[in-house]
Amino acid sequence: MRHRKTTCVATQGKLWERQFEGAAAGSSASKRRPSGAGPRLKITGKLGKVMSESSDIALTYARQFVREVAPANAFLEEASMHVNVPEGGTPKDGPSAGVTLTSALLSMALDRPVNPDLAMTGEMTLTGKVLRVGGIKEKAIAAKRENVGMIVLPMSNHGEYLELKPGIRAGLTAHFVDHYDDVYALAFKDTGAPMPLTSRGTEIKTVFTPLEEAVPVPPQVRVDSQAAAPAL
């Protein structure tokens with residue numbers, strides 16, 4: 001009997017893009033060595049058509065990326081994989097899961113965990129470009145509810161994020177990227193995962209909003225000098 005290795009990984013952000021009634025949804029991926037030839041990828045959960053297409057793009061790009069950083073690693077060319085997005089109250093068909101699905105697949109292939117204090121969102125192209133997504137306010141709120149301190153967003157959402165009230169951004173460190181190279185560097189930093197020699201993206205923009213921004217500063221109390229003066 002052939003030995004089958006089974007592993008389960010989960011991405012923090014928990015497929016953050018797919019929000020269900022304001023909370024972040026959990027995503028998990030499992031892998032095992034197939035008994036037959038050829039790779040297999042199964043996607044389950046409450047996925048719309050666009051999300052299903054995102055999974056195809058994610059697998060194609062993840063295979064390409066592994067060839068670049070770990071040429072001897074053929075896992076994604078052979079493995080049987082299953083990615084599940086749990087069902088929730090509100091289905092979502094918009095594109096925004098590409099970077100998360102890609103990270104889940106790379107975590108399986110490289111056997112390295114994703115940073116547990118990081119959430120991510122962004123759709124991808126076959127060349128790794130990270131594209132604009134919607135719902136930035138809701139995603140920031142969902143990340144805070146999950147006690148996630150760092151988020152990765154598309155560079156094209158930078159202006160929209162800065163327009164959010166400071167109270168929503170308070171306590172979050174947001175990194176803005178336009179290529180998956182930088183998503184990978186942030187997600188797998190200090191995990192022992194192989195890193196690309198250079199990034200094909202522009203310089204990362206980082207916005208940190210102190211937690212104190214969530215507390216409104218009371219207006220200064222004006223004291224009438226005559227009323228406050230002690231009686232002689």
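Atoms considered below: every heavy atom in the structure, side chains included; atoms not considered: hydrogens, waters and symmetry mates.
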Chemist: Checking Ile204 against Thr206 for the side-chain contact (heavy atoms from CB on, under 4.5 Å) test, could you report, in this order, the C-alpha distance in whole Å, the side-chain angles of both residues, the deciding distance, and whether it holds?
Modeler: CA-CA 6 Å; Ile204 298 174; Thr206 299; 4.0 Å; yes

Chemist: Output, in order, the C-alpha distance, side-chain angles, deciding distance and verdict of side-chain contact (heavy atoms from CB on, under 4.5 Å) for Thr100 and Thr121.
Modeler: CA-CA 7 Å; Thr100 305; Thr121 188; 5.8 Å; no

Chemist: Closest approach of Ala193 and Tyr184, non-hydrogen atoms and distance?
Modeler: CB-OH, 3.4 Å

Chemist: Does Thr173 have any side-chain hydrogen bond (donor to acceptor under 3.5 Å, both in side chains) partners at least two apart in sequence or in another chain, and if so, which?
Modeler: none

Chemist: Enter the distance from Ile141:CD1 to Glu146:CD here, rounded to the nearest 0.5 Å.
Modeler: 13.0 Å

Chemist: Under 3.5 Å, is there a donor on one side chain and an acceptor on the other for Ser103 and Tyr180?
Modeler: yes

Chemist: Is there a side-chain contact (heavy atoms from CB on, under 4.5 Å) between Thr127 and Tyr61? Walk through the geometry before answering.
Modeler: CA-CA 7 Å; Thr127 59; Tyr61 185 78; 5.8 Å; no

Chemist: How long is the straight-line distance from OG of Ser54 back to CD of Glu123, given to the nearest 0.5 Å?
Modeler: 3.5 Å

Chemist: Applying side-chain contact (heavy atoms from CB on, under 4.5 Å), name anything that partners Ala62, two or more places apart in sequence or on another chain.
Modeler: Leu76, Thr102, Leu105, Leu106

Chemist: Over all heavy atoms of both residues, which pair between Val130 and Gly122 is shortest? Give the atoms and the distance, please.
Modeler: CG1-CA, 4.2 Å

Chemist: To the nearest 0.5 Å, what is the distance between NZ (Lys139) and CE (Met120)?
Modeler: 13.0 Å

Chemist: Using the side-chain hydrogen bond (donor to acceptor under 3.5 Å, both in side chains) criterion, which residues pair with Thr191? Sequence neighbours excluded.
Modeler: none

Chemist: Check for a donor-acceptor pair, side chain of Asp117 on one end and backbone N or O of Val148 on the other, with a separation under 3.5 Å.
Modeler: no

Chemist: So with a 6.0 Å cut-off around CD of Glu68, is the heavy-atom count from everything else above 12?
Modeler: yes

Chemist: Tell me whether Met124 shares a hydrophobic cluster with Val69, the cluster being built from Ile, Leu, Val, Met, Phe, Trp, Tyr side chains joined at under 4.5 Å.
Modeler: yes

Chemist: Taking only residues two or more places apart in sequence or in another chain, which ones pass side-chain hydrogen bond (donor to acceptor under 3.5 Å, both in side chains) with Thr198?
Modeler: none

Chemist: Going hydrophobic residue to hydrophobic residue with side-chain gaps under 4.5 angstrom, can you get from Val133 over to Val207?
Modeler: yes

Chemist: Tell me the closest heavy-atom pair linking Phe75 and Ala109, and the distance in Å.
Modeler: CD2-CA, 3.8 Å

Chemist: Under 4.0 Å between a side-chain nitrogen and a carboxylate oxygen: does that hold for Glu160 and Arg132?
Modeler: yes

Chemist: Between CG of Leu186 and CD1 of Ile151, what distance do you get to the nearest 0.5 Å?
Modeler: 12.0 Å

Chemist: Heavy atoms only: give me the nearest Phe188-Arg112 pair and the separation to one decimal.
Modeler: CE2-O, 3.6 Å

Chemist: For a quick test of reading the model, state the closest non-hydrogen atom pair linking Ala70 to Pro194 and the distance between them.
Modeler: CB-CG, 4.4 Å

Chemist: Are Phe208 and Val152 joined in one hydrophobic group, where the rule is that I, L, V, M, F, W and Y side chains link up if heavy atoms are under 4.5 Å apart?
Modeler: no

Chemist: Quick check for you: to the nearest 0.5 Å, what is the distance between His158 atom NE2 and Ile136 atom CD1?
Modeler: 11.5 Å

Chemist: Is the shortest side-chain heavy-atom distance between His175 and Leu153 below 4.5 Å?
Modeler: no

Chemist: Taking side-chain contact (heavy atoms from CB on, under 4.5 Å) as the definition, give me every residue that meets it alongside Met155, ordered by chain and number, with sequence neighbours left out.
Modeler: Phe176, Asp178, Thr202, Lys205

Chemist: Give the intermediate values and the outcome of side-chain contact (heavy atoms from CB on, under 4.5 Å) for residues His82 and Met108.
Modeler: CA-CA 10 Å; His82 185 173; Met108 289 191 294; over 6 Å; no

Chemist: Atom CD in Glu163, atom CD1 in Ile168: separation rounded to 0.5 Å?
Modeler: 12.0 Å

Chemist: Could you give all pairs that pass the salt bridge (charged side-chain N to carboxylate O under 4.0 Å, His left out) test and reach residues 100-109, with sequence neighbours left out?
Modeler: none

Chemist: The test is side-chain hydrogen bond (donor to acceptor under 3.5 Å, both in side chains); show your working for Thr209 and Arg169 and say whether it passes.
Modeler: CA-CA 6 Å; Thr209 307; Arg169 297 186 277 112; 2.8 Å; yes

Chemist: Indicate, with yes or no, if Val177 and Ile57 share a hydrophobic cluster defined by side-chain heavy-atom contacts under 4.5 Å among Ile, Leu, Val, Met, Phe, Trp and Tyr.
Modeler: no

Chemist: Considering non-hydrogen atoms only, spot the tightest contact between Pro113 and Ser107 and give its length.
Modeler: CA-OG, 4.0 Å

